[in-house]
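The sequence lines fix the lettering, A, B, ..., with proteins before strands; numbering per chain opens at 1.
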Number of protein chains: 2
Amino acid sequence: MNKAPRRGRRPGSPDTRTAILDVARRRFLDQGYHAVTLRSVAAEADVDLALISYFFGSKKGLFGAALALSVNPADVVTQVLEGDPATFPQRALQRVLAAWDDPESGPTLLALFRNTMQDDTFAALVKEVVEREIVDRVAASLGGTAARRRAMAFCSQIAGLIATRYLLRVEPMASMSQEEIIRRLGPALRQSLSDPGRTSPQSRPAPLSRRQR
Amino acid sequence: MNKAPRRGRRPGSPDTRTAILDVARRRFLDQGYHAVTLRSVAAEADVDLALISYFFGSKKGLFGAALALSVNPADVVTQVLEGDPATFPQRALQRVLAAWDDPESGPTLLALFRNTMQDDTFAALVKEVVEREIVDRVAASLGGTAARRRAMAFCSQIAGLIATRYLLRVEPMASMSQEEIIRRLGPALRQSLSDPGRTSPQSRPAPLSRRQR
DNA sequence: GACAATATTTCAGTGGTGATGAATAAAGCC
DNA sequence: GGCTTTATTCATCACCACTGAAATATTGTC
């Protein structure tokens, strides 16, 4: 005669929160933010729609919780910076490629950045992190004249790699091996770390070029 | 006793289509795709909501029509390619900066790219254009070994410039002058056009390095 | 100028969305 | 066993993009 409980807390201790999180994470990763509806997540997790609001406040909240960053960019930058300065560009490329090609962290980064472009609050956040945690710290490690701008040129190239290989998946960048990318982008990356001085933006008839490496 | 016409075609020849287009364009440019509602556009243009569907089919259709591209990337690439090969990187930078800093075309490009990331159909389109109209044509103009991959490395750096300066607005890239950007990114850009050969991806003790510039 | 064809406009929906608030029940605590 | 906290359900809100039918103006044809 036990009629199904129509309301109130379910018996037992079902971990509803992580059930929602699991479903949400999977769906956000392969459908993107806007394509996922809270209703579909609720349905798949076998949970009432309102529970999502209850646990995570809003769709954005759920997105943030589901894709909570496993890699801390600050740590990676620190590690890359403390090695031999001579091979810094190669190491940087290596770490970037490793993080984005990794089947664990890669899709998360992809989903985060895809969305970042659209939503202003996300975009501002990424900008902050890039400026403070990456450009500034690379600049501090570089030292010398115009360190911040040289670091910026460096980071800009890394951004280009990410944009073409992972966000747009442009060929042949998308299918090149990690080794080839390091080999091909390494030299230009190193070049961007040096200061062009006050030469004309034209060709290379610099009278006082004291750059040897 | 002329009661206001309650239905049917309005007398005269009001250009409703372009009225909608004007409002839509302005709003898409400074609010982004998702933040703009068809209802708000209809209201501001003093037009019934259903007219938007009638003229443009869908919100995407309206977006496409409102931001119809004024700059044809193929033309720009052609122009840049037909100059002196020695100053090709500088010219490319110049044209990219000109297009994106231009108060006319810049915001349109920005709006287009912001959305591109989110929507897969847009992303695929941009990828196609970049591959066919840019990478392939630069490669054809370059010639030599691994032309396509060298062109790709080049384009990747341009993409980095766009991503950091215009999409994310990272400092100091966002506020650098065009001249300084050309001066700072030019050398690395030129470097990326050359083939690194078969040297180890590590440092520089290449036994058969025949790279002098 | 009659009249049919076509283009434009309005209205009244449809089914979807994220979010909220009140009612209810279980669990944890004393 | 009472009491508070936590979890769950339901009903509903306001908004969204989009649609179909009806109404009216314009345009073309003879």
Nucleotide C:dT17, atom C1' - distance to CG of A:L62 in whole Å: 15 Å

Return yes if a side-chain donor-acceptor contact under 3.5 Å exists between A:S175 and A:E171, otherwise no. yes

Rounded to whole angstrom units, what separation is found between the OH atom of B:Y54 and the C1' atom of D:dT24? 13 Å

Keeping to residues at least two apart or across chains, list the ring-ring contact (aromatic ring centres under 6.0 Å, His included) pairs with something in residues 73-101 of chain B. B:F88-B:F154, B:W100-B:F113, B:W100-B:Y166

Mind jotting down which residue pairs meet the side-chain hydrogen bond (donor to acceptor under 3.5 Å, both in side chains) criterion with at least one end in residues 24-37 of chain A? Sequence neighbours excluded, please. A:R25-A:T108, A:R26-A:E44, A:R27-A:Q31, A:R27-A:E44, A:H34-B:H34, A:T37-A:S40

Quick one: list whatever passes side chain to side chain donor-acceptor pair (under 3.5 Å) with A:R17, sequence neighbours left out. none

Applying side chain to side chain donor-acceptor pair (under 3.5 Å), name anything that partners B:R150, two or more places apart in sequence or on another chain. none

Sort me out a list of protein N/O and nucleotides 16-20 of chain D N/O pairs below 3.5 Å, or just none if empty.
unit_1	atom_1	unit_2	atom_2	d
D:dA17	OP1	B:L38	N	3.1
D:dA17	OP1	B:K59	NZ	3.4
D:dA17	OP2	B:L38	N	3.1
D:dA17	N7	B:R39	NH1	2.7
D:dC18	OP2	B:K59	N	2.7

Nearest-angstrom distance from the residue atom CG of B:D46 to P of C:dT9: 12 Å

To the nearest Å, give me how far apart CG (B:L51) and P (C:dT9) are. 5 Å

State which residues pass side chain to side chain donor-acceptor pair (under 3.5 Å) with A:T18; sequence neighbours excluded, sorted by chain then number. A:D15

Which residues pass the side chain to side chain contact (heavy atoms under 4.5 Å, CB included) test with A:A43, not counting sequence neighbours? none

Hey, does B:F55 reach any base, or is it just sugar-phosphate, or nothing, if we go heavy atoms under 4.0 Å? sugar-phosphate

Five pairs at each end of the helix from C:dG1-D:dC30 to C:dC30-D:dG1: take the axis at both ends and give me the angle between them to 10°. 10°

Check side chain to side chain donor-acceptor pair (under 3.5 Å) between B:S192 and all other residues, then give those that pass, not counting sequence neighbours. B:Q157

